[in-house]
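Count residues from 1 along the sequence. FYI, side chains are in, hydrogens and waters are out, and symmetry mates aren't considered; it's all heavy atoms of this structure.
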Amino acid sequence: MHNGILYIVATPIGNLQDITLRAIEVLKSVDYIACEDTRKSGILLKSIGMQTKPMLVSFYEQVEQLRTQNILNLLQNGRDVALISDSGTPTISDPGFRLVRQCLREDIKVVSIPGPSAAISAIVSSGLPTDKFIFLGFLPRKEGHRTTALKNVKEANKKLEATVVIYEAPHRLIKSLNSIQSVFGNIQITLMRELTKIHEERISDFVENIIQKYEKQAPRGEYVILFNPKTNEE
């Protein structure tokens with residue numbers, strides 16, 4: 001029996017119309033779909049007109065290790081599996097890289113179905129240099145670890161002069177902005193909020209002003225933080 005194929009399928013980060021034709025074709029053809037939240041995935045599948053749904057397998061951070069072996073067993077028994085996240089490209093600040101790594105070790109074919117990514121959407125519309133960028137994902141939760149990570153980036157970026165891209169949730173935004181200011185100073189940054197959604201917003205200002213803004217008005221939605229040390233010197 002031949003192994004099945006693991007498809008890494010990018011899905012919309014907000015606007016459901018952003019799904020690709022190839023992604024729809026794959027989702028309709030596989031035997032199983034591994035997803036973070038079966039309810040959110042059900043909404044997506046309904047939006048693309050799927051009549052008969054593949055079996056949904058819950059695959060989120062807390063069960064990633066256990067489900068990785070389960071999915072490997074399915075693939076080794078000739079079943080095709082699509083991996084999707086709640087939004088965007090799977091494994092980018094989401095579970096999945098361990099599954100991909102294990103599949104490659106087991107000679108199971110892995111196929112990427114490219115599509116939306118919040119990091120890419122943010123940087124190309126930020127007005128900041130796009131020739132080089134450093135993607136940090138979500139910063140560490142603990143203040144000390146967060147500061148250390150940013151100091152390491154500052155040191156490494158002295159020669160790279162790359163745009164820094166960070167994901168952040170609303171309830172941690174102010175803490176991360178304070179950490180950025182403590183390490184980099186009162187630099188100019190850009191916030192991209194709710195990308196591709198109705199309330200999409202782009203904010204560019206000095207970090208101190210943005211902190212003051214959100215101390216008065218609680219942050220809402222998902223954020224991408226971007227800044228480039230080189231442009232701050234110009």
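Between the side chain of Ser47 and the backbone N or O of Leu44, at least one donor-acceptor pair lies under 3.5 Å. Between the side chain of Thr163 and the main chain of Pro129, a donor-acceptor pair closer than 3.5 Å is present. A donor-acceptor pair under 3.5 Å links the side-chain atoms of Glu200 to the main chain of Thr196, judged by distance alone. Judged by distance alone, with hydrogens and angles left aside, the side-chain atoms of Asn209 form no donor-acceptor pair with the main-chain N or O of Asp205 at under 3.5 Å. A distance-only check finds no donor-acceptor pair linking the side chain of Asp80 to the backbone of Gly4 [under 3.5 Å].
Looking at residues two or more places apart in sequence or on another chain, you find a ring pair (Phe, Tyr, Trp, His ring centres under 6.0 Å) between Tyr223 and Tyr214. Residues meeting the side chain to side chain contact (heavy atoms under 4.5 Å, CB included) test with Arg67, sequence neighbours left out: Val57, Ser58, Phe59, Val63, Asn70. For Thr91, there are no side chain to side chain donor-acceptor pair (under 3.5 Å) partners two or more places apart in sequence or in a different chain. Here Glu201 pairs with Arg193 under the salt bridge (Lys or Arg N to Asp or Glu O under 4.0 Å) rule; sequence neighbours left out. For Asn178, there are no side chain to side chain donor-acceptor pair (under 3.5 Å) partners at least two apart in sequence or on another chain. Listed by chain and number, the residues in a side chain to side chain donor-acceptor pair (under 3.5 Å) with Glu106 are Gln102 (sequence neighbours excluded). Not counting sequence neighbours, the partners of Glu168 by the salt bridge (Lys or Arg N to Asp or Glu O under 4.0 Å) test are Arg172.
Placement of Ile174 and Ile187 within a single hydrophobic cluster is found when ILVMFWY residues are connected by side-chain heavy-atom separations under 4.5 Å, directly or transitively. No continuous path of ILVMFWY side-chain contacts below 4.5 Å connects Ile189 to Ile123, so the two sit in separate hydrophobic clusters. Both Ile134 and Ile180 are part of a single hydrophobic cluster, where members link through side-chain heavy atoms under 4.5 Å apart. Put simply, Leu6 and Met55 are part of the same group of oily side chains (I, L, V, M, F, W, Y) that touch within less than 4.5 Å, one to the next. Neither Ile92 nor Val111 shares a network with the other; the hydrophobic side chains, linked directly or stepwise wherever heavy atoms of I, L, V, M, F, W or Y lie under 4.5 Å apart, form separate groups for each.
Side-chain contact of Glu161 with Asn157: a donor-acceptor pair under 3.5 Å is absent, judged by distance alone. Between the side chains of Ser117 and Thr89, no donor-acceptor pair is found at a separation under 3.5 Å.
For residues 116-137, the pairs satisfying ring-ring contact (aromatic ring centres under 6.0 Å, His included) are Phe135-Tyr167, with sequence neighbours left out. Screening residues 123-145 for salt bridge (Lys or Arg N to Asp or Glu O under 4.0 Å), with sequence neighbours left out, gives no hits. Applying the salt bridge (Lys or Arg N to Asp or Glu O under 4.0 Å) test to pairs two or more places apart or on separate chains, those with a residue in residues 146-157 are Glu155-Lys158. A salt bridge (Lys or Arg N to Asp or Glu O under 4.0 Å) check over residues 93-102, counting only residues at least two apart or in different chains, returns the pairs Glu64-Arg98.
Just one residue in the list Val165, Leu173, Val164 forms a side chain to side chain contact (heavy atoms under 4.5 Å, CB included) with Ile225, and that residue is Leu173.
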Identify every side-chain donor-acceptor pair in residues 7-26 under 3.5 Å, counting partners at least two apart or on other chains, and give the distances.
from	atom 1	to	atom 2	distance (Å)
Asn15	OD1	Gln17	N	2.9
Thr20	OG1	Ala23	N	3.0

